Amino acid sequence: MQTLQTTSLRVVDNQLFILDQQALPQEKRWLDASTVEALVGHIHALRVRGAPLIGLSASLLLALLAENGKSRDELATALETLRASRPTAVNLMNNLDRMKVALWQEEFAAALAAEALRLIDEDKRLCDDIARAGSQLVKPGSRLLTHCNTGGLATAGVGTALGVIARAHREGNVSNVWVDETRPLLQGGRLTAWELGELGVPYQLITDSMAASLMAKGQVDAVWVGADRIAANGDVANKIGTYSLAVLAKFHGIPFYVAAPHTTLDPECPNGDAIPIEQRAASEVTGVAGSFGAVQWAPEDAQVYNPAFDVTPASLISGWVLDTGVVTPEEVAKGKFTSST
């Protein structure tokens, strides 16, 4: 396969490398992800993350394994192992469904490579289209609040919700971005803050529990988030804490927008109750670990509930901003998401 580079993915000499998002922002470190075991480990550890990026990394790996001589049967097994690595993010399943079709072509290695590269190019275009559609909703002087990380680190392109914010800033309509630090692993504090700084977008970092006070003071004009899965009824699974923001925004009369590519839609999933929610390690709540060592602040025997995602009901969402345009609550109520867009 040709040499390839995005913000978070790199293909060199038929080997896949991922930008270690656990090391950011202090260190830019590329890690080998050229085996199924390695990539699954990176996905579980959130070294590679973001619903679109996970699907793209899995697709690239399958193509590279094929070019490096793996048999069709071996690739079929690898595909199913990768599919199980992140149950909430439907982009992974959608991408792998397309790769599975390519796998059963006569010249499957060439077909897989072509499909993986096509998915990369498509994601870049989808991000651009989302940014274009969403930026039209951002009013001049807006103070926006965002959660988790939805920029170029999580996609092949400019990002989803963060792509909207970046474009709106270039158009002169963003005065400030409130960045939730976001559990797990403080992805807003580490990644979104870093990306906004690189883009020159003014921001202020807050803890997740500070959003309510800002809204009460009239300091937030709109909330922008991404999605890991959108159910047929418009319910959205996203990083834990998203639901809280939606409830707060509804109470304070603040627009709440979800930005995602159409590959995040799951018309076979009837509602949020049917979306599998990943549980993460207790150690992410009971303490902290990093290059500085490890600190345990909770009792050793503390019982922990640590879901990575929650579900926001469609009734709390002001608009779904897709690459195909802005979908209104009225359109969702009429069944807009019951078939792929």
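Sequential numbering from 1 along the given sequence is applied to the chain's residues. Predicted model only: the values in this text are computed from it and were never measured.
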Inset, instruction - Output yes when a side-chain donor or acceptor of Glu74 lies under 3.5 Å from a complementary backbone atom of Ala76, and no otherwise. - result: no

Legend entry - Salt-bridge contact Glu115-Arg118 (side-chain N to carboxylate O under 4.0 Å): yes

Inset, instruction - Spell out, yes or no, whether Leu65 and Leu31 are grouped together once hydrophobic residues are joined by side-chain heavy atoms under 4.5 Å, including indirect joins. - result: yes

Legend entry - Minimum heavy-atom distance Thr242-Val225, with the two atoms named: CG2-CG2, 4.0 Å

Inset, instruction - Using a 4.5 Å cut-off on heavy atoms from C-beta on, say whether the side chain of Lys28 contacts that of Leu19. - result: yes

Inset, instruction - Answer with yes or no whether the side chains of Ser142 and Asn173 bring together a donor and an acceptor at under 3.5 Å. - result: no

Inset, instruction - Indicate yes or no: at least one non-hydrogen side-chain atom of Val258 is less than 4.5 angstrom from one of Asn238. - result: no

Legend entry - salt_bridge(Glu171, Arg167) N-O dist < 4.0 Å: yes

Legend entry - Polar contact flag, side-chain donor to acceptor under 3.5 angstrom, Thr88-Glu278: no

Legend entry - Nearest-0.5 Å distance that lies between atom CD in Glu122 and atom CZ in Arg98: 4.0 Å

Inset, instruction - Show your working on side-chain contact (heavy atoms from CB on, under 4.5 Å) between Gln187 and Thr192 and close with a plain yes or no. - result: CA-CA 7 Å; Gln187 293 175 40; Thr192 300; over 6 Å; no

Inset, instruction - Check the pair Met93 / Glu268 against side-chain contact (heavy atoms from CB on, under 4.5 Å), numbers first and verdict last. - result: CA-CA 12 Å; Met93 290 69 168; Glu268 302 303 317; over 6 Å; no

Legend entry - His42 side chain to Asp20 backbone, donor-acceptor under 3.5 Å: no

Legend entry - Distance, nearest 0.5 Å, that separates CG of Leu119 from CG of Asn91: 10.5 Å

Inset, instruction - May I ask you to test the Gln2-Val11 pair for a side-chain heavy-atom distance under 4.5 Å? - result: no

Inset, instruction - Indicate yes or no for a side-chain donor-acceptor contact from Ser8 to the backbone of Leu153 under 3.5 Å, with no hydrogens or angles considered. - result: yes

Inset, instruction - With rounding to the nearest 0.5 Å, note down the distance linking CG in Leu56 to CD1 in Ile18. - result: 13.5 Å

Legend entry - Check: Leu145 and Ile206 side chains under 4.5 Å, non-hydrogen atoms: yes

Inset, instruction - Indicate if Leu245 and Val321 have the same hydrophobic cluster label, given that clusters are the connected sets of ILVMFWY residues with side-chain heavy-atom separations under 4.5 angstrom. - result: no

Legend entry - side-chain contact (heavy atoms from CB on, under 4.5 Å) between Asp323 and Ile130, intermediate numbers included: CA-CA 4 Å; Asp323 50 282; Ile130 290 167; 4.1 Å; yes

Inset, instruction - Please name the pair of heavy atoms, one in Val179 and one in Leu205, separated by the smallest distance, quoted to 0.1 Å. - result: O-CD1, 3.3 Å

Inset, instruction - Answer with yes or no whether the side chains of Asn14 and Asn68 bring together a donor and an acceptor at under 3.5 Å. - result: yes

Legend entry - Phe256 and Leu316, any side-chain heavy atoms less than 4.5 Å apart: no

Legend entry - Donor-acceptor pair, side chain of Glu284 and main chain of Pro184, under 3.5 angstrom: no

Legend entry - Asp235 side-chain N/O to Ala314 backbone N/O, donor-acceptor pair under 3.5 Å: yes

Inset, instruction - Report the distance from atom NZ of Lys250 to atom CG of Leu248, rounding to the nearest 0.5 Å. - result: 13.0 Å

Inset, instruction - Compare all side-chain heavy atoms of Arg190 with those of Thr182 and state whether any distance is below 4.5 angstrom. - result: no

Legend entry - CD on Glu195 to CG on Asn149, rounded to 0.5 Å: 5.0 Å

Inset, instruction - Taking Ser34 for its side chain and Leu16 for its backbone only, find out whether a donor-acceptor pair lies under 3.5 Å. - result: yes

Inset, instruction - Say whether Leu39 and Leu92 are linked into one hydrophobic cluster, either directly or through other cluster members, by side-chain heavy-atom distances under 4.5 angstrom. - result: yes

Legend entry - Closest non-hydrogen atom pair between Ala260 and Ala227, with its separation: CB-CB, 4.1 Å

Legend entry - Carboxylate-amine/guanidinium contact Arg132 Asp129, below 4.0 Å: yes

Legend entry - More than 12 heavy atoms from other groups under 6.0 Å of OH on Tyr243: no

Legend entry - Arg86 (side chain) donor-acceptor with Ile43 (main chain) under 3.5 angstrom: yes

Inset, instruction - For Val48 and Ile54, work out which heavy atoms get closest and say how close. - result: O-CG1, 4.2 Å

Legend entry - Test item: Val311 and Ile277 side chains (from C-beta on) under 4.5 Å apart, heavy atoms: yes

Inset, instruction - Ignoring hydrogens and angles, tell me if any N or O in the side chain of Arg183 forms a donor-acceptor pair with the backbone of Ile240 under 3.5 Å. - result: no

Inset, instruction - Give a yes or no on whether Glu107 atom CD has more than 12 heavy-atom contacts from other residues, nucleotides or ligands under 6.0 Å away. - result: no

Legend entry - Under 3.5 Å donor-acceptor, Asn306 side chain and Ala281 backbone: yes

Inset, instruction - Side-chain contact test, heavy atoms from C-beta onward, threshold under 4.5 Å: evaluate it for Leu162 versus Val201 and give yes or no. - result: no

Inset, instruction - List the steps, then state whether salt bridge (Lys or Arg N to Asp or Glu O under 4.0 Å) holds for Glu80 with Arg83. - result: CA-CA 5 Å; Glu80 295 307 322; Arg83 187 191 297 274; 3.1 Å; yes

Inset, instruction - Identify the two heavy atoms, one from Leu4 and one from Leu117, that lie closest to each other, and give their separation to 0.1 Å. - result: CD1-CD2, 3.5 Å

Inset, instruction - Give a yes or no on whether Tyr305 and Val285 share a hydrophobic cluster (residues Ile, Leu, Val, Met, Phe, Trp, Tyr; joining criterion: side-chain heavy atoms under 4.5 Å apart). - result: no

Legend entry - Gln303, CD: over 12 other non-hydrogen atoms inside 6.0 angstrom: no

Legend entry - Derivation and outcome, side-chain contact (heavy atoms from CB on, under 4.5 Å), residues Phe337 and Leu322: CA-CA 11 Å; Phe337 293 153; Leu322 309 181; 3.9 Å; yes

Legend entry - N/O donor-acceptor pair under 3.5 Å between Trp224 side chain and Gly134 backbone: no

Legend entry - Shortest non-hydrogen contact between Thr7 and Gly152, atoms and distance: CB-O, 3.5 Å

Legend entry - CG-OG distance between Asn95 and Ser57, expressed to the nearest 0.5 angstrom: 9.0 Å

